[in-house]
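Note that this is a predicted model, so its numbers are computed, not measured. Ligands are counted one by one from 1 in listed order, and the atoms in each one are counted from 1 as well.
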Amino acid sequence: MCGIVGIVKRHGKVVRDLINALKKLEYRGYDSAGIAILSDGEIYVTKGVGTIDKVIDPTKDIKDGSVGIGHTRWATHGEVSEENAHPHVSCNREVAVVHNGTLDGFNAIRNQLMNRGHVFSSETDTEVIAHLIEEKLNEIRDPVKAFSRAVYELKGSYAIASIIKGHNLILLARNKSPLVIGIGNGENYCASDVAALLHKTNRFIFLKDGEIALITPDSVDVWSLNDGIMEKVNRRVEIVDWSPQLLDKGNYEYFMLKEIYEQPYILKKLAKSVYYYKRFSDQLLKYSERGGISIVAAGTSYHAGLIGKFLLSKLAGARSEVIIASEFPEWSSHIGKDDVILAISQSGETADVLEAVRIAKSKEAKVLAITNVPGSTLTRLSDENVFIQAGPEVGVAATKTFLAQVAVLHILSSLISQERTLQIKEELLDISDSLESSMRYIDSASRKISSLLMDKEHVFFLGRGINYPTALEGALKLKEISYIHAEGYPAGEYKHGPLALIEENVPSIVLIPIDDKIRKKIIYNIMEICSRGAFAITIQPKDIDVPSDFSLPLDVKSELTSPMLYVVPLQLIAYYTATSLGRNPDKPRNLAKSVTVE
Ligand code: F6R
């Protein structure tokens with residue numbers, strides 16, 4: 001994971017800007033942080049364990065200058081410690097680097113470098129890059145050529161930014177880890193994603209795998225590196241229309257709450273842009289008529305994918321399968337050139353999803369992608385892509401992007417089925433209105449439910465049909481931010497094992513179907529668990545009588561769209577349980593927003 005940033009200016013200092021940009025990247029990792037600045041011809045490093053605010057205090061005596069790089073870390077190689085925090089410098093302190101990714105076989109390079117007299121001060125794979133660049137600079141004083149020679153020796157995934165003593169420039173390299181270049185006036189930037197730089201610019205160049213770049217205050221040069229030979233390439237400047245305000249918490253205590261509250265407006269926006277998805281749905285239909293549709297995703301996006309499979313079958317009569325991205329290599333032998341992969345990823349950077357896509361492409365399957373982040377790697381690897389238009393999501397737990405993914409899957413299935421094109425627009429507007437008007441009520445009922453869960457060790461989430469994936473999502477939200485063990489289950493499957501775990505007062509949150517036939521079955525399931533002492537909390541259509549210890553009735557109009565309503569209290573229940581327990585829902589332990597390691 002990790003976030004990297006770099007700023008180079010013609011005039012002025014960079015420390016405050018680096019800190020601001022790094023804070024926007026904290027969702028990628030926050031166990032340690034650091035910056036390296038070129039000042040008065042020397043490289044100065046400030047780094048340590050903890051969040052950016054804790055490590056870098058700009059009011060203290062920190063050297064400032066016109067070029068600098070920064071890093072926020074999610075540890076992969078080496079424990080969380082000051083030594084292992086980035087940036088890393090070469091022996092002679094002539095080179096500093098920050099890196100996101102993991103280098104293959106770095107131990108061999110490290111041993112060779114040590115045999116040649118280099119002294120290492122960390123356990124990280126990244127430090128080899130600094131020493132390698134130092135060696136290459138001893139061979140050739142041209143920084144770009146020395147940098148490209150060093151990069152040529154690296155294998156694995158990397159986004160690298162490096163500064164070199166005596167030069168007002170930043171050198172960049174990218175392979176399988178995200179890196180964007182931001183274009184300013186008399187200053188240029190680089191970062192792991194656009195969100196870090198939106199307060200500075202909306203003009204970006206997206207590097208591709210295997211490319212290196214040089215940025216100075218007034219220029220950007222990009223080369224592809226083929227077998228060690230540099231070839232100049234022209235990269236188009238692209239405009240990103242996300243507003244920087246979306247990265248501001250406003251009056252909300254946490255981004256997660258703000259993002260939950262944004263959901264009605266996102267649905268409205270999607271309702272108004274149904275036809276933006278037409279070309280994509282045509283492609284999906286075309287390829288699916290030739291072969292099969294394999295939906296590939298991880299985590300919350302996987303749950304949206306399960307709902308997508310349901311909708312494609314129910315609305316469009318289309319056959320599909322859903323494969324967890326990290327399992328794709330082992331479960332995809334049947335996929336070939338007639339098949340289409342529908343990759344769903346909020347970040348567009350999840351390594352497991354990208355690996356699945358690369359495998360699918362090597363088998364000549366078509367790749368269609370649904371993502372949220374402009375310029376993300378997935379948009380570059382896929383044959384076609386659409387955006388879910390949710391705006392940047394900062395909270396580590398996915399909320400508004402789940403809802404937007406489900407809404408987009410509704411739109412695609414409806415466009416394919418043709419008959420429902422107008423209806424889906426109305427339905428999205430209706431859910432948006434219903435959510436907008438009942439948000440306060442859902443909020444306070446969810447808060448009450450959270451008070452019933454706070455002291456529990458286990459919580460179960462049960463659903464049937466289209467709300468079985470919603471139950472999985474409710475459980476994932478609760479466990480990842482409150483650290484209470486939670487499991488989601490299809491309600492009918494419960495009696496095949498998990499029922500053994502039910503004892504006095506174990507809470508089960510049950511999502512009640514609107515459809516009579518399925519509802520009868522789930523009522524039976526509730527009775528089964530309650531007779532064993534469970535505490536049943538129902539989220540249910542209003543004006544319907546269901547046995548429960550606590551119910552949260554909602555204005556549900558259709559079974560198919562109910563996940564978009566039901567998921568909102570589930571998100572808020574997780575949020576209030578976590579905050580009441582003193583956990584920070586925006587930064588759950590051990591997790592990062594963008595999982596760029598396999
Ligand atoms: C859970 C969560 C994760 C992500 C997963 C995939 O709240 O956010 O489970 O859904 O890491 O991420 P994307 O969608 O970026 O591929």
Does [X] come within less than 4.0 Å of [Y], counting only side-chain N to carboxylate O?
{"X": "Lys479", "Y": "Glu487", "result": "no"}
{"X": "Asp53", "Y": "Lys23", "result": "yes"}
{"X": "Glu480", "Y": "Lys477", "result": "yes"}
{"X": "Arg235", "Y": "Glu211", "result": "yes"}

Identity and separation of the nearest protein heavy atom to [atom]:
{"atom": "atom 12 (O) of ligand 1", "result": "Thr350 OG1, 3.4 Å"}
{"atom": "atom 6 (C) of ligand 1", "result": "Ala298 O, 3.3 Å"}
{"atom": "atom 11 (O) of ligand 1", "result": "Val595 CG2, 4.0 Å"}
{"atom": "atom 2 (C) of ligand 1", "result": "Thr300 OG1, 3.8 Å"}

Could you tell me, atom by atom, which parts of ligand 1 come under 4.0 Å of a heavy atom of [X]?
{"X": "Ser301", "result": "10 (O), 13 (P), 14 (O)"}
{"X": "Val396", "result": "8 (O)"}
{"X": "Glu480", "result": "1 (C), 7 (O)"}
{"X": "Lys477", "result": "1 (C), 7 (O)"}

Any pair counted as salt bridge (Lys or Arg N to Asp or Glu O under 4.0 Å), so long as it reaches residues 392-402, sequence neighbours left out |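 As it turns out, the salt bridge (Lys or Arg N to Asp or Glu O under 4.0 Å) pairs with a partner in residues 392-402, which skip direct neighbours, are Glu262-Lys400, Glu393-Lys593.
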Original post:
Relative to each other, are the rings of His86 and His71 parallel, tilted or perpendicular (30° and 60° limits)?
Top reply: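 Ring orientation of His86 relative to His71: parallel.
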Original post:
What part of Glu349, side chain from CB on, backbone N/CA/C/O, both or neither, has a heavy atom under 4.0 Å from ligand 1?
Top reply: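 Neither part.
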Where on Thr401 is there a heavy atom closer than 4.0 Å to ligand 1, on the side chain, on the backbone, on both, or on neither?
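Thr401 to ligand 1: no contact under 4.0 Å from either part.
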- Message: We want to know whether Glu253 and Thr579 form a side-chain donor-acceptor pair, criterion being a heavy-atom distance below 3.5 angstrom.
- Response: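 Thr579 and Glu253 do not have a side-chain donor-acceptor pair below 3.5 Å.
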### Query
Taking both backbone and side-chain atoms of Ala398, is any N or O found less than 3.5 Å from an N or O belonging to ligand 1?
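Yes, there is a polar N/O contact under 3.5 Å.
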Who gets closest to atom 15 (O) of ligand 1 by heavy atom: Ser347, Ala297, Gly299?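 Considering heavy atoms of Ser347, Ala297, Gly299, the nearest to atom 15 (O) of ligand 1 sits in Ser347.
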Under 3.5 Å donor-acceptor pairs involving side-chain atoms of residues 365-378, not counting sequence neighbours:
residue: Thr371; atom: OG1; partner: Ser345; partner atom: O; Å: 2.7
residue: Thr371; atom: OG1; partner: Gln346; partner atom: O; Å: 3.1
residue: Thr371; atom: OG1; partner: Gly348; partner atom: N; Å: 3.4
residue: Asn372; atom: OD1; partner: Ala390; partner atom: N; Å: 3.2
residue: Asn372; atom: ND2; partner: Gln346; partner atom: OE1; Å: 3.1
residue: Asn372; atom: ND2; partner: Gly391; partner atom: O; Å: 2.9
residue: Ser376; atom: OG; partner: Val373; partner atom: O; Å: 2.8
residue: Thr377; atom: OG1; partner: Arg174; partner atom: NH2; Å: 2.7
residue: Thr377; atom: OG1; partner: Glu349; partner atom: OE1; Å: 2.5
residue: Thr377; atom: OG1; partner: Glu349; partner atom: OE2; Å: 3.2

